[in-house]
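Keep in mind the model is a prediction, meaning the values are calculated, not measured. Side chains included, hydrogens not; waters and symmetry mates left out as well; all remaining heavy atoms used.
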Amino acid sequence: MRLSRSFLPTLKENPAEAQIVSHRLMLRAGLVRQTASGIYAWLPAGLKVLRNIGQIVREEQDRIGAQEVLMPTLQSADLWRRSGRYDAYGPEMLRIQDRHKRELLYGPTNEEMITDLFGQAVKSYKELPQALYHIQWKFRDEVRPRFGVMRGREFLMKDAYSFDVDYASAVTSYRRMLLAYLRTFQRLGVQAVPMRADTGPIGGELSHEFLILAPTGESGVYYDAALGEQDWLDEPVDTNNPEALEAFFNRVTTPYAATDEMHDTAAWENVPAERRREGRGVEVGHIFYFGNKYTKALDVSITGPDGNKLYPEMGSYGIGVSRLTGAIIEACHDENGIIWPDSVAPFKAAILNLKMGDTLCDDVCERIYAAAPEDFLYDDRAERAGVKFADADLMGHPWQIVVGPRGAKEGIVELKRRATGERREVSVDDALALVLAG
RNA sequence: CGGGCAGUAGCGCAGUCUGGUAGCGCAUCAGUCUGGGGGACUGGGGGUCGUGGGUUCGAAUCCCGCCUGCCCGACCA
């Protein structure tokens, strides 16, 4: 993308409405614009990030055999009456009427709908287990939206739902999903720690929240350092093997980890002092098992091995995709702007032409731009060098390829790594190779 | 939903107390000089002062209603 032709409106000053750093940076870097309280338009660069996150989430869901569907944003009130939640939900649910005065709602979640869809199609235990997910916009009419996309009213969520024939199988589904989540967040370039969460009336231990560590997080977190040092992408767990998943699950959930609401000071004292980590975190994912609550409420049953009817056991697994863009920025920024992890950055690299109109600089830039196998942002504006440096730092491209008249005549460019600030002078070919390797 | 604050140019703000028909910085446009960390100079454009009503010869300014946004709390992916 050529910056001179792109819709990438950066702001030099902080908009008054934005208080926290991710909100300010998202507005300043031209990722989003607010259109109403808690409702945002995603501009080209922001949309790229949203899609990059969604793609990683998708790949990890697919990897464990979950299948993608897409359910509508609007749902019928009748469906929710069947589960009893239409009246229970309260004013956070946005209720709408169509022209025939039929009652609709903008979905705040999808348990009813997925359960209904499942029940219409699946009739036998032989078809289980199943896991379905979708990535869709939801709406919750929060009393007080804030923190930009981190706590908006309209938000993009990945929701997965598992269906199993019995508790043991449901637990395996749950554990499989936990592994997928650890892998997902690691690939997104952030450290997310799974913490035991309140399971409410259902009880049991099958509810975990995933919190990204960031000093501005809304919850206090306490965890054993052992949790922060593992490479989940290298876990050799066979996700089709329940015993392997159980061993893995026990290993992951044994070290202490809790948000302040669930904090147990006695257990905390048992963690060796040098391994205690305290901080703050942003919740970006939540998985839980809820048994046959919805299959029973909606009377969705299948035939079991013994020929009797059986209510499938369900779990639900959410990831806040739009919230993640904000949360990642909370975890990855400095005083100059965003520092995108490579995996989600809207542009892997920016090419900064420090002297537009200079034949050598123009040639070198065009050569790099043409050779780049993916979308680089070419800053070809007739702006001064300082403006380009500042905007590139603000937008947070992992790499900056700086082309100035000094080096251009030698075929040399300066390659800057945003995360470390490290710069080095390299040939054009090396610059491309290094960016693509990194 | 309780408590607080604010709406004036694209953004950040002054002007409101003490009424006289709107201003500053940045951005933008034209030109000149510049040219490796948000440059300088000259000239220009851009405003239903959130909105409706009232007071007044006259309202951004005073009074009343409404709308919108933000902050703290309760609540929440």
Would you indicate which nucleotide in [options] comes nearest to any side-chain atom of [X]?
X: A/Gln19; options: B/G35, B/C70, B/C75; value: B/C70
X: A/Asp391; options: B/G38, B/G35, B/C76; value: B/G38
X: A/Arg28; options: B/G38, B/G12, B/G37; value: B/G38

Please report the distance separating the [atom1] of [N] from the corresponding atom of [M], rounded so that it comes out in whole Å.
N: B/G47; M: B/U42; atom1: C1'; answer: 25 Å
N: B/G38; M: B/C26; atom1: C1'; answer: 10 Å
N: B/C72; M: B/G39; atom1: P; answer: 33 Å
N: B/C75; M: B/C62; atom1: P; answer: 39 Å
N: B/G54; M: B/G46; atom1: P; answer: 31 Å
N: B/C24; M: B/G2; atom1: P; answer: 43 Å
N: B/U61; M: B/G20; atom1: C1'; answer: 11 Å
N: B/G73; M: B/G12; atom1: C1'; answer: 29 Å

Does a distance-only test, which skips hydrogens and angles, find a donor-acceptor pair under 3.5 Å between the side chain of [X] and the base of [N]?
X: A/Arg423; N: B/G37; result: yes
X: A/Arg140; N: B/C76; result: no
X: A/Arg384; N: B/G39; result: yes
X: A/Asn14; N: B/G12; result: no

For this session: Answer yes or no for A/Lys48 and A/Phe347: cation-pi contact, defined as NZ/CZ to six-membered ring centre under 6.0 Å and angle to ring axis within 45°.
Result: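 A/Lys48 over A/Phe347 ring: yes.
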Categorize [X] for me: base, sugar-phosphate, or nothing, with a 4.0 angstrom heavy-atom threshold over every strand shown.
X: A/Arg33; answer: nothing
X: A/Gly90; answer: nothing
X: A/Arg153; answer: nothing
X: A/Ala36; answer: sugar-phosphate
X: A/Gly404; answer: base
X: A/Lys158; answer: nothing
X: A/Ala390; answer: base

Is the closest side-chain donor-acceptor distance between [X] and [Y] under 3.5 Å?
X: A/Gln186; Y: A/Asp231; answer: yes
X: A/Gln400; Y: A/Asp393; answer: yes
X: A/Asp164; Y: A/Tyr289; answer: no
X: A/Ser207; Y: A/His286; answer: yes
X: A/Tyr317; Y: A/Ser162; answer: yes
X: A/Arg85; Y: A/Tyr294; answer: yes
X: A/Asp379; Y: A/Asn353; answer: no
X: A/Tyr40; Y: A/Gln34; answer: yes

Base-pairing assignment for [N] (Watson-Crick or G-U wobble, both under 3.5 Å):
N: B/C76; result: none
N: B/A60; result: none
N: B/A30; result: B/U42
N: B/G69; result: B/C5
N: B/U55; result: none
N: B/C24; result: B/G12

Exercise. Quick one: which of A/Tyr174, A/Phe210, A/Phe249 gives a ring pair (Phe, Tyr, Trp, His ring centres under 6.0 Å) with A/Tyr181?
Worked result: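 Result for ring pair (Phe, Tyr, Trp, His ring centres under 6.0 Å) with A/Tyr181: A/Phe210.
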For this session: Ignoring backbone atoms, establish whether A/Gln34 has a side-chain N or O less than 4.0 Å from OP1 or OP2 of B/C70.
Result: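 Indeed, a polar side-chain atom of A/Gln34 lies that close.
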For this session: State whether A/Ser37 places a side-chain N or O below 4.0 Å from either non-bridging phosphate oxygen (OP1 or OP2) of B/C70.
Result: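 Yes, A/Ser37 has a side-chain N/O under 4.0 Å of OP1/OP2 on B/C70.
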Exercise. Under the side chain to side chain contact (heavy atoms under 4.5 Å, CB included) criterion, do A/Ser343 and A/Asn52 qualify, and how do the steps go?
Worked result: CA-CA 7 Å; A/Ser343 58; A/Asn52 291 344; over 6 Å; no
Problem set entry | Residue met sooner reading RNA chain B from 5', once A/Asn336 and A/Leu156 are mapped to nucleotides |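 Result of the comparison: A/Asn336.
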Problem set entry | 5' priority, RNA chain B, between A/Glu209 and A/Pro15 [closest heavy atom] |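 Mapping each residue to its closest nucleotide by heavy atoms, the 5'-most match is A/Pro15.
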Exercise. Is any side-chain N of the basic residue among A/Glu422 and A/Arg417 closer than 4.0 Å to the acidic one's carboxylate O?
Worked result: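 Looking at A/Glu422 and A/Arg417, the cut-off is not met.
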Problem set entry | Presence of salt bridge, A/Glu112 and A/Arg82, under 4.0 angstrom |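 Salt bridge between A/Arg82 and A/Glu112, a charged N being under 4.0 Å from a carboxylate O: no.
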Could you go through nucleotides 43-51 of chain B and list every protein N or O atom that sits under 3.5 Å from one of its N or O atoms, giving the distance for each pair?
none

Can you tell me the distance, in whole Å, between the [atom1] atom of [X] and the [atom2] atom of [N]?
X: A/Glu17; N: B/U68; atom1: CD; atom2: P; value: 16 Å
X: A/Phe389; N: B/G39; atom1: CZ; atom2: P; value: 14 Å
X: A/Met395; N: B/G37; atom1: CE; atom2: C1'; value: 15 Å
X: A/Arg144; N: B/G3; atom1: CZ; atom2: P; value: 15 Å
X: A/Leu11; N: B/G10; atom1: CG; atom2: C1'; value: 8 Å
X: A/Ile212; N: B/A77; atom1: CD1; atom2: C1'; value: 12 Å
X: A/Gln400; N: B/G37; atom1: CD; atom2: P; value: 13 Å
X: A/Leu354; N: B/G39; atom1: CG; atom2: C1'; value: 15 Å

Kindly give the atom pairs (protein nitrogen or oxygen, nucleotide nitrogen or oxygen) under 3.5 Å for nucleotides 24-30 of chain B.
residue: B/G25; atom: N2; partner: A/Glu13; partner atom: OE2; Å: 2.8
residue: B/C26; atom: O3'; partner: A/Lys12; partner atom: NZ; Å: 3.4

Exercise. Which ones in residues 179-195 of chain A lie close to RNA chain B, meaning a heavy atom under 4.0 Å from one of its atoms?
Worked result: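 Listed by number, there are none.
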Problem set entry | A/Val403 vs A/Leu352 side-chain heavy atoms within contact, under 4.5 Å |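 No; the side chains remain at least 4.5 Å from each other.
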Exercise. Taking the inter-plane angle between the rings of A/Phe248 and A/Trp232 on a 0 to 90° scale, is it parallel (under 30°), tilted (30 to 60°) or perpendicular (over 60°)?
Worked result: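 Perpendicular, since the angle between the ring planes exceeds 60°.
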Exercise. Parallel, tilted or perpendicular: which fits the ring planes of A/His263 and A/Tyr222, with parallel below 30° and perpendicular above 60°?
Worked result: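 Parallel, since the angle between the ring planes stays under 30°.
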